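What follows is a short report on a single structure.
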Amino acid sequence: MYPSISIIGAGNVGHHLTLKLHQQGYNIHQVFSRKLPKAQALAKQVNTEACNHVEEINREADIYIVAIKDDGIASMAEQLSFLNQDHKIVAHTSGATPMTVFDGHFENFGIFYPLQTFSIQKEVNFEQLPFCIDGSNTQTKATLTQLAQSICPNVYDISDQQRNVLHVTAVMVNNFTNHLFAVAQQICKEQQVPFEILHPLIQETTEKIKHTSPKAAQTGPAIRGDQQTIERHLNFLNAYPNYQKIYKMLSQSIQDLHKNL
Ligand SMILES: NC(=O)c1ccc[n+]([C@@H]2O[C@H](COP(=O)([O-])OP(=O)(O)OC[C@H]3O[C@@H](n4cnc5c(N)ncnc54)[C@H](OP(=O)(O)O)[C@@H]3O)[C@@H](O)[C@H]2O)c1
């Protein structure tokens, strides 16, 4: 029989996991969010109960998935420690938070970390995302692995240390590149140039590294050593001093990487 699952947190990750697990046939037992309307909106979609006080989270589910802000996990673990009486499994979805955050609160705990960028408004393709799993014991790890495998094909057994590496690098490849897209969009908007003209370049950049290493795929003035072009760009960026700093730092980093490797 499928385990029943309670979801703690109705943000980006909580939202998508709730819908996917429900769609896969799991019973979502409760949805918790500190803001009741948020919990209710999500719970309604999967015909379950919503709650907004931790004391209302009951002991009837088999697995509790904590999908809240990283900084809130330790305190949530403390508040949920009553679940240990029934040996429940408690797992969090954070890439950056060690599994040891649950030490001393539960006997059966683990990690249920989907390595993808989630936004409520954007559908997620679970077929393509990797799931990183860990567990405090063999049985817990096996249960969480089975749960992940039932919603996506790429499930990895990943230690705290490995997850930390993945999270730092995920911030680089997603958060930082996305920030650069946002910066580029702002500059284009202010200079009245359509940002959409850059879309095919963004697409090709990510496509190319599936076949060529990013280092080999590097192009641009920094790797060519086109100093006059760099100077022209820096002059243009005088109007954007913060972005000028980023440009200088990244150009230097490109040159250093190619010198050192
Ligand atoms: N988004 C991603 O791309 C992504 C991908 C993989 C893993 N993760 C991880 O998944 C977790 C959730 O991320 P998210 O993107 O879903 O975040 P989010 O959309 O910002 O949602 C976080 C939720 O945490 C709740 N929250 C914040 N502080 C809390 C506290 N002290 N106690 C209880 N609830 C609290 C908020 O609830 P209220 O509405 O009640 O304020 C909010 O619903 C994080 O650990 C994150 O690292 C995120």
Side-chain angles (χ1 to χ4, degrees), residues 5-22 28 30-46 48-58 63-83 90-102 105 109-134 144 147-148 151-152 154-156 158-160 162-179 181-182 206:
I5 299 161
S6 284
I7 306 285
I8 318 296
N12 296 312
V13 172
H15 174 91
H16 285 290
L17 283 182
T18 300
L19 298 187
K20 183 65 184 174
L21 290 165
H22 172 72
I28 304 299
Q30 286 182 308
V31 171
F32 164 89
S33 178
R34 293 178 305 179
K35 297 189 183 96
L36 190 58
K38 234 164 117 178
Q40 283 170 329
L42 181 57
K44 197 172 160 201
Q45 295 185 62
V46 297
T48 196
E49 183 188 323
C51 59
N52 65 332
H53 295 112
V54 180
E55 311 83 67
E56 294 169 308
I57 298 172
N58 67 38
I63 301 175
Y64 294 76
I65 297 178
V66 178
I68 65 170
K69 188 176 158 176
D70 293 350
D71 291 353
I73 298 174
S75 140
M76 181 58 73
E78 214 170 299
Q79 296 174 77
L80 291 178
S81 56
F82 67 92
L83 294 171
V90 181
H92 73 66
T93 61
S94 167
T97 311
M99 185 169 73
T100 47
V101 71
F102 288 145
H105 299 295
F109 57 90
I111 301 297
F112 198 68
Y113 170 49
L115 205 170
Q116 186 51 282
T117 169
F118 288 82
S119 299
I120 288 180
Q121 63 277 15
K122 170 85 171 61
E123 222 173 285
V124 175
N125 182 355
F126 278 81
E127 287 300 308
Q128 280 179 5
L129 68 82
F131 243 99
C132 302
I133 299 296
D134 201 357
L144 292 173
L147 183 64
I151 55 172
C152 95
N154 311 308
V155 179
Y156 297 88
I158 295 289
S159 68
D160 266 4
Q162 291 171 313
R163 194 159 37 85
N164 188 43
V165 172
L166 285 171
H167 195 255
V168 171
T169 50
V171 166
M172 289 177 175
V173 301
N174 173 256
N175 302 173
F176 292 170
T177 50
N178 192 68
H179 175 65
F181 298 158
T206 54

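Each ligand, and each atom within it, is numbered from 1 in the order the structure gives. What you see is a predicted model; the values in this text were computed from it and never measured.
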In sequence, state the C-alpha distance, the side-chain angles, and the governing distance for Leu80 and Val66, and then conclude on side chain to side chain contact (heavy atoms under 4.5 Å, CB included). CA-CA 10 Å; Leu80 291 178; Val66 178; 4.1 Å; yes
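When atom types are taken as modelled, the side chain of Thr48 and the backbone of Ile28 share a donor-acceptor pair closer than 3.5 angstrom. Listed for the His92 side chain is no donor-acceptor partner under 3.5 Å among the backbone atoms of Ile73.
Pairs passing the side-chain hydrogen bond (donor to acceptor under 3.5 Å, both in side chains) check and including a residue from residues 7-17, sequence neighbours excluded, do not occur.
Listed by chain and residue number, the protein contacts of ligand 1 are Ala10, Gly11, Asn12, Val13, Ser33, Arg34, Lys35, Lys38, Ala67, Ile68, Lys69, Asp70, Gly72, Met76, Thr93, Ser94, Tyr113, Pro114, Gln116, Thr117, Phe118 (heavy atom within 4.0 angstrom).
Taking every heavy atom of both residues into account, Pro114 and Leu129 meet most closely at CB-CD1, 3.8 Å. Residue Glu49 comes nearest to Gln30 through the heavy atom pair OE2-NE2, 2.9 Å, listed as atom of the first residue, atom of the second, then distance.
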